[in-house]
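The chain is numbered in sequence order, starting from 1. Atoms within a ligand are numbered from 1 in the order they appear, just like the ligands themselves.
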Amino acid sequence: MNAPETLPILRYPDPRLHTVAKPVAAVDDRIRALIPRMLATMYEANGIGLAATQVDVHERLIVIDVSETRDQPLVLINPVIEWASDDKRKGEEGCLSVPGIYDGVERSTAIRVRALDGEGVARAIEAEGLLAVCIQHEMDHLVGKVFVEYLSPLKRNRIKSKLVKAQREAERA
Ligand code: K2U
Ligand code: ZN
């Protein structure tokens, strides 16, 4: 059985990253085929999370693996944050769609999320630490939000021009 095909990751400032994803209507064969491809894409890119938006699929589906051993995948379908702590902390974030850029973003330190798992079974997840940050980061993607939007317009414009320039050079090479 060969490894599932990876998918191309949209790069900021691609406008498709600002699409608001629709709920997954049914955990059907199409979704079940997409999940392993999203996981393969995330692992290959050394990410700890990936939202369907980032692979140009605009449905509410997230894959995550924050384990050291990279073998504990989490699938969140139609996730809803039911509770988020008032306690917040600013942490360094990166994004597979914004390569090479890291900056501080403030997130709730603890959250409770309700979602369907990869089998379509309803689950409730209590998360804190890196998992809580990752879920919040991925759920932003599902509403078309990229973490650079939390930064100042000056920083965001510098990032945009840097990535557009890098994209042009990559296309010329
Ligand atoms: O692009 C993505 O959505 C994957 C994100 C997930 C993430 C961002 C910030 C903080 C936690 C998770 C990352 O690119 S995965 C790369 C990474 C790995 C370890 C720690 C932080 C970021
Ligand atoms: Zn991201």
Side-chain angles (χ1 to χ4, degrees), residues 4-22 24 31 34-81 84-85 87-113 115 118 125-152 155-160 162-164 166-167 170:
E5 280 277 297
T6 57
L7 296 157
I9 296 176
L10 297 179
R11 292 268 193 267
Y12 186 80
D14 190 313
R16 292 171 288 181
L17 285 168
H18 301 302
T19 310
V20 177
K22 293 190 187 66
V24 169
I31 295 293
L34 178 58
I35 289 167
R37 299 188 67 184
M38 282 181 62
L39 283 165
T41 303
M42 178 190 77
Y43 287 126
E44 183 190 72
N46 297 316
I48 56 174
L50 187 72
T53 309
Q54 294 178 275
V55 290
D56 204 18
V57 172
H58 301 292
E59 295 180 64
R60 291 183 61 79
L61 166 56
I62 290 169
V63 296
I64 286 177
D65 188 342
V66 293
S67 70
E68 291 295 318
T69 43
R70 312 289 283 151
D71 60 359
Q72 289 165 45
L74 197 55
V75 176
L76 300 179
I77 295 173
N78 297 339
V80 176
I81 293 182
S85 62
D87 178 55
K88 297 181 189 308
R89 184 176 309 144
K90 193 169 195 172
E92 183 95 329
E93 297 198 8
C95 181
L96 299 177
S97 295
V98 193
I101 304 293
Y102 297 87
D103 211 318
V105 178
E106 193 170 79
R107 303 280 189 187
S108 290
T109 53
I111 56 173
R112 186 172 58 245
V113 183
I125 297 163
E126 309 257 344
E128 52 189 28
L130 185 56
L131 180 57
V133 171
C134 186
I135 292 172
Q136 292 171 82
H137 176 108
E138 301 311 335
M139 288 188 66
D140 273 354
H141 276 302
L142 296 182
V143 290
K145 191 162 186 162
V146 182
F147 86 99
V148 297
E149 291 163 48
Y150 291 100
L151 310 179
S152 68
K155 270 192 177 177
R156 189 164 51 252
N157 288 330
R158 280 192 182 143
I159 289 165
K160 211 174 273 188
K162 184 166 175 253
L163 290 179
V164 166
Q167 196 70 24

(request) Using a cut-off of 2.8 Å, find all protein N, O or S atoms closer to the Zn ion (ligand 2) than that distance. (result)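 Only C95 SG, H137 NE2, H141 NE2 fall inside 2.8 Å of the Zn ion (ligand 2).
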[atom1]/[X] to [atom2]/[Y] distance, rounded to the nearest 0.5 angstrom?
X	Y	atom1	atom2	value
R60	M139	CZ	CE	5.0 Å
I62	H137	CD1	NE2	9.5 Å
I77	I31	CD1	CD1	6.5 Å
E44	L7	CD	CG	10.0 Å

(message) Does any part of the side chain of K90, heavy atoms only, come nearer than 4.5 Å to the side chain of Y150, both counted from C-beta?
(response) no
(message) Between T109 and E128, is there a side-chain heavy-atom distance shorter than 4.5 Å?
(response)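 The answer is no, as the side chains (C-beta and beyond) never meet within the 4.5 Å cut-off.
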(request) Check the angle between the aromatic planes of Y12 and H18 and answer parallel, tilted or perpendicular using the 30° and 60° thresholds. (result) perpendicular
(message) Just to verify, what does K155 make a salt bridge (charged side-chain N to carboxylate O under 4.0 Å, His left out) with, not counting sequence neighbours?
(response) D103
(message) For a quick check: using heavy atoms under 4.0 Å, what are the residues in contact with ligand 1, sorted by chain and number?
(response)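 Its neighbours under 4.0 Å (heavy atoms only) are G47, I48, G49, Q54, E93, G94, C95, L96, L130, V133, C134, H137, E138, H141, given by chain and number.
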(message) K22: which residues meet the side chain to side chain contact (heavy atoms under 4.5 Å, CB included) condition with it, sequence neighbours left out?
(response) none
